[in-house]
Amino acid sequence: LIDAQKGIFKRYNFDAKNANSLSSNDVIVIFADKKDKIWVGTDTKGLNVLDKATGKFTRFQHKKDDPNSLSDNDIRCIFEDSKGRLWIGTESGGLNLWLGNGKFQTFSEKDGLLSNSVVSIIEDPKGFLWVSTYKGLCRMSMKNNQFLNFHFGENSYFKANQFNQASAWGSFSKGILFCSRIPPPV
């Protein structure tokens, strides 16, 4: 963490003896929300939020018997929508909405999400959430939590087999861009 005003650089690491340390050094994504909280998603050890005043992390991980826990510990992306809600994309647990107090609401294939592997999230000017996955692109209405899916395949909009992680870019006047992996010709 760099404090440019004070010229300070602070490094955070996993410490097996400290439950308030970062849960893993295998960091995939770092995100600063509008409330200036620092969220850190790891490869296999869940989600962390840093209390900058104390330097301590709170960890959020999947708990098998708790449906309100994080759905998967492999975090791929973090996004904050225009209403200040935090969304977390996972490798195999779908899309998570942070409800606060250690609770999450999960959206998965059973809810209409195209794939449980979420690699990027962005919001358009009309308030739709666009979610890129390993199987295509999903547009989620945040009013009714309904998904409209755009599949990969020969007869689809997309000629690639999956989107790249953190590949979304949005310009409210120009549209939304997603980058994908194009399979080599056979």
Side-chain angles (χ1 to χ4, degrees), residues 1-108 113 115-123 129-134 138 140 142 162-170 176 178-179 181:
L1 184 64
I2 298 173
D3 184 333
Q5 292 176 341
K6 295 179 182 176
I8 298 171
F9 176 80
K10 173 71 176 157
R11 183 177 176 150
Y12 295 95
N13 291 306
F14 168 69
D15 179 351
K17 297 175 187 172
N18 182 356
N20 295 115
S21 71
L22 192 61
S23 63
S24 170
N25 290 329
D26 294 327
V27 173
I28 299 297
V29 60
I30 301 171
F31 183 83
D33 69 16
K34 293 173 186 167
K35 295 177 183 174
D36 205 30
K37 289 185 179 177
I38 306 295
W39 297 84
V40 181
T42 67
D43 193 31
T44 60
K45 299 294 182 183
L47 183 67
N48 303 261
V49 63
L50 174 64
D51 180 334
K52 292 196 295 188
T54 65
K56 295 180 180 181
F57 284 92
T58 301
R59 300 174 182 177
F60 303 102
Q61 295 178 324
H62 174 68
K63 297 175 187 149
K64 185 178 176 183
D65 297 325
D66 183 358
N68 293 314
S69 72
L70 189 64
S71 65
D72 183 33
N73 288 327
D74 294 335
I75 309 302
R76 294 294 168 249
C77 55
I78 303 171
F79 177 77
E80 186 174 13
D81 69 24
S82 59
K83 294 182 177 166
R85 295 175 296 195
L86 201 68
W87 298 86
I88 298 95
T90 67
E91 176 66 23
S92 61
L95 181 64
N96 290 256
L97 172 60
W98 167 245
L99 301 174
N101 298 320
K103 297 182 188 276
F104 298 84
Q105 180 178 358
T106 301
F107 299 93
S108 66
L113 187 64
S115 167
N116 285 336
S117 295
V118 173
V119 293
S120 197
I121 308 163
I122 197 164
E123 183 179 3
L129 207 62
W130 289 85
V131 180
S132 60
T133 74
Y134 285 169
C138 308
M140 179 184 182
M142 291 188 282
Q162 72 182 52
F163 284 106
N164 289 335
Q165 186 174 319
S167 63
W169 174 82
I176 297 174
F178 289 90
C179 299
R181 296 179 183 167

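From a predicted model like this one, the values you see are computed outputs, not experimental measurements.
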- Message: Within the 4.5 Å heavy-atom criterion, are Ile75 and Ile28 side-chain neighbours or not?
- Response: no
- Task: Sequence neighbours left out, what pairs pass side chain to side chain donor-acceptor pair (under 3.5 Å) with at least one residue falling in residues 14-32?
- Result: Ser21-Arg59, Ser23-Asn48
- Item | From Phe104 atom CZ to Leu70 atom CG, the distance as rounded to the nearest 0.5 Å | 5.0 Å
- Task: Calculate, to the nearest 0.5 Å, the distance between atoms CE and CE belonging to Met140 and Met142 respectively.
- Result: 8.0 Å
- Query: What are the two closest non-hydrogen atoms of Ala32 and Ile38, and how far apart are they?
  - Reply: CB-CD1, 3.8 Å
- Nearest atoms (heavy-atom pairs only) where Cys138 meets Leu113: SG-CD1, 3.8 Å
- Pairwise distance OG1(Thr42) to CG(Asp74) - rounded to 0.5 angstrom: 7.5 Å
- Those residues at least two apart in sequence (or on a different chain) that pass side chain to side chain donor-acceptor pair (under 3.5 Å) with Ser71 are Asn96
- salt bridge (Lys or Arg N to Asp or Glu O under 4.0 Å): which pairs involve residues 33-48, sequence neighbours left out? Asp36-Lys52, Asp43-Arg76
Using atom types as modelled, flag every donor-acceptor pair under 3.5 Å from a side chain in residues 82-90 to any protein atom, sequence neighbours excluded.
unit_1	atom_1	unit_2	atom_2	d
Ser82	OG	Glu123	OE1	3.4
Ser82	OG	Glu123	OE2	2.8
Arg85	NE	Asp81	OD2	2.8
Arg85	NH2	Asp81	OD2	3.1
Trp87	NE1	Asp81	OD2	2.9
Thr90	OG1	Gly93	N	2.8
Thr90	OG1	Gly94	N	3.0
Thr90	OG1	Gly94	O	2.9

- Task: Not counting sequence neighbours, which residues clear side-chain contact (heavy atoms from CB on, under 4.5 Å) with Ser115? List them please.
- Result: Glu109, Ser117, Thr133, Tyr134, Lys135
- Task: State which residues pass ring pair (Phe, Tyr, Trp, His ring centres under 6.0 Å) with Trp39; sequence neighbours excluded, sorted by chain then number.
- Result: Trp98
- By ring pair (Phe, Tyr, Trp, His ring centres under 6.0 Å), Phe57 pairs with (sequence neighbours left out) Tyr12
- Qualifying residues under side chain to side chain donor-acceptor pair (under 3.5 Å), relative to Asn13, sequence neighbours excluded: Arg11
- Which residues pass the side-chain contact (heavy atoms from CB on, under 4.5 Å) test with Ser92, sequence neighbours left out? Asp72
- Note on the structure: Taken in chain and number order and not counting sequence neighbours, the residues that satisfy side chain to side chain donor-acceptor pair (under 3.5 Å) with Asn73 are none
- Task: Any chance you could lay out the side chain to side chain contact (heavy atoms under 4.5 Å, CB included) test for Thr58 and Asp51, step after step, and finish with the verdict?
- Result: CA-CA 8 Å; Thr58 301; Asp51 180 334; over 6 Å; no
